[in-house]
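Remarks on the structure that follows.
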Amino acid sequence: MNRRDFVGGLALSGGLLTACGAPKNEASLGGVLHYVLFWLREDLTEKEVEDFVAFFEELRKIPEIKTLNYGRPAATNPRPVVDNSFSYNLIVTFDSLKEVGVYENHPIHLEAIKNFSHFWTKVVVHDTTL
C-alpha cells in the first residue's frame with residue numbers, strides 16, 4: 001500500500017470514528033433513537049409472523065414519530081457478538097424526549113400493544129440520545 005492510500009484511509013477512519021463517538025454538543029443531531037427487539041411466539045405460522053408488520057404500520061400513524069423502520073434479522077455471518085435470536089426489530093427516531101413520552105402513552109401505541117402483544121414472548125427496548 002502506498003503512503004497516500006494509507007494516510008487517506010486513516011483520515012477517513014478517523015473522521016468516521018470521530019463522528020460515531022463525538023460528545024454531545026451543539027453540533028450533535030439531537031433527538032432520541034428508540035430501538036426495540038421483539039421475540040415472537042415460536043408456535044406462530046410464517047404467515048402470522050409476516051402479518052405482525054401490521055403492528056409497526058399502526059405505530060407509523062403516530063405524529064410524533066420522525067422516522068420508523070423495522071425488519072427481521074439479517075442472515076449475517078455468525079459471530080460471538082451477533083445475536084440474531086429476535087424475530088423483528090423496530091427503529092424509531094424522535095426529535096426529543098418529550099415526544100418519546102407522548103408516543104409511550106399515545107392511544108394508537110397503547111391500542112397496538114393491546115392488539116398485538118399476544119404475538120410476542122419478549123420485548124427489549126433501548127433508547128439512545130442522538
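Please read these numbers as outputs of a predicted model, since none were measured by experiment.
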Look up atom [atom1] in [X] and atom [atom2] in [Y], then write down how far apart they are to the nearest 0.5 Å.
X    : Y    : atom1 : atom2 : value
K66  : D95  : NZ    : CG    : 4.5 Å
L110 : N115 : CG    : CG    : 11.0 Å
H118 : L40  : NE2   : CG    : 10.0 Å

Going by salt bridge (Lys or Arg N to Asp or Glu O under 4.0 Å), K61 matches just one of E58, E57, E64. Which one?
E58
Do [X] and [Y] sit in the same hydrophobic cluster, where Ile, Leu, Val, Met, Phe, Trp and Tyr count as joined when their side-chain heavy atoms come under 4.5 Å apart?
X    : Y    : result
F86  : V82  : no
V36  : V49  : yes
Y103 : L130 : no
I62  : L90  : yes
Y35  : V92  : no

Sidechain-backbone polar pair: N84 side chain, A74 backbone, donor-acceptor under 3.5 Å:
yes
Check: G71 main-chain N/O paired with N89 side-chain donor or acceptor under 3.5 Å:
yes
Presence of salt bridge, R72 and E46, under 4.0 angstrom:
yes
Side-chain donor-acceptor pairs of residues 119-128 under 3.5 Å, sequence neighbours excluded:
unit_1: T121; atom_1: OG1; unit_2: W39; atom_2: O; d: 3.3
unit_1: D127; atom_1: OD1; unit_2: H34; atom_2: ND1; d: 2.5

With ring pair (Phe, Tyr, Trp, His ring centres under 6.0 Å) as the test, would you mind laying out the steps for F56 and Y88 before giving the verdict?
CA-CA 10 Å; F56 306 120; Y88 276 98; 5.6 Å; yes
For the rings on Y70 and F38, is their centre-to-centre separation under 6.0 Å?
no
Distance-minimising heavy-atom pair for [X] and [Y]:
X   : Y   : value
L59 : I65 : O-CD1, 3.1 Å
S96 : V32 : C-CG2, 3.9 Å
P73 : S87 : CD-O, 3.3 Å

Under the side chain to side chain contact (heavy atoms under 4.5 Å, CB included) test, residues paired with D51 that sit two or more places apart
K47
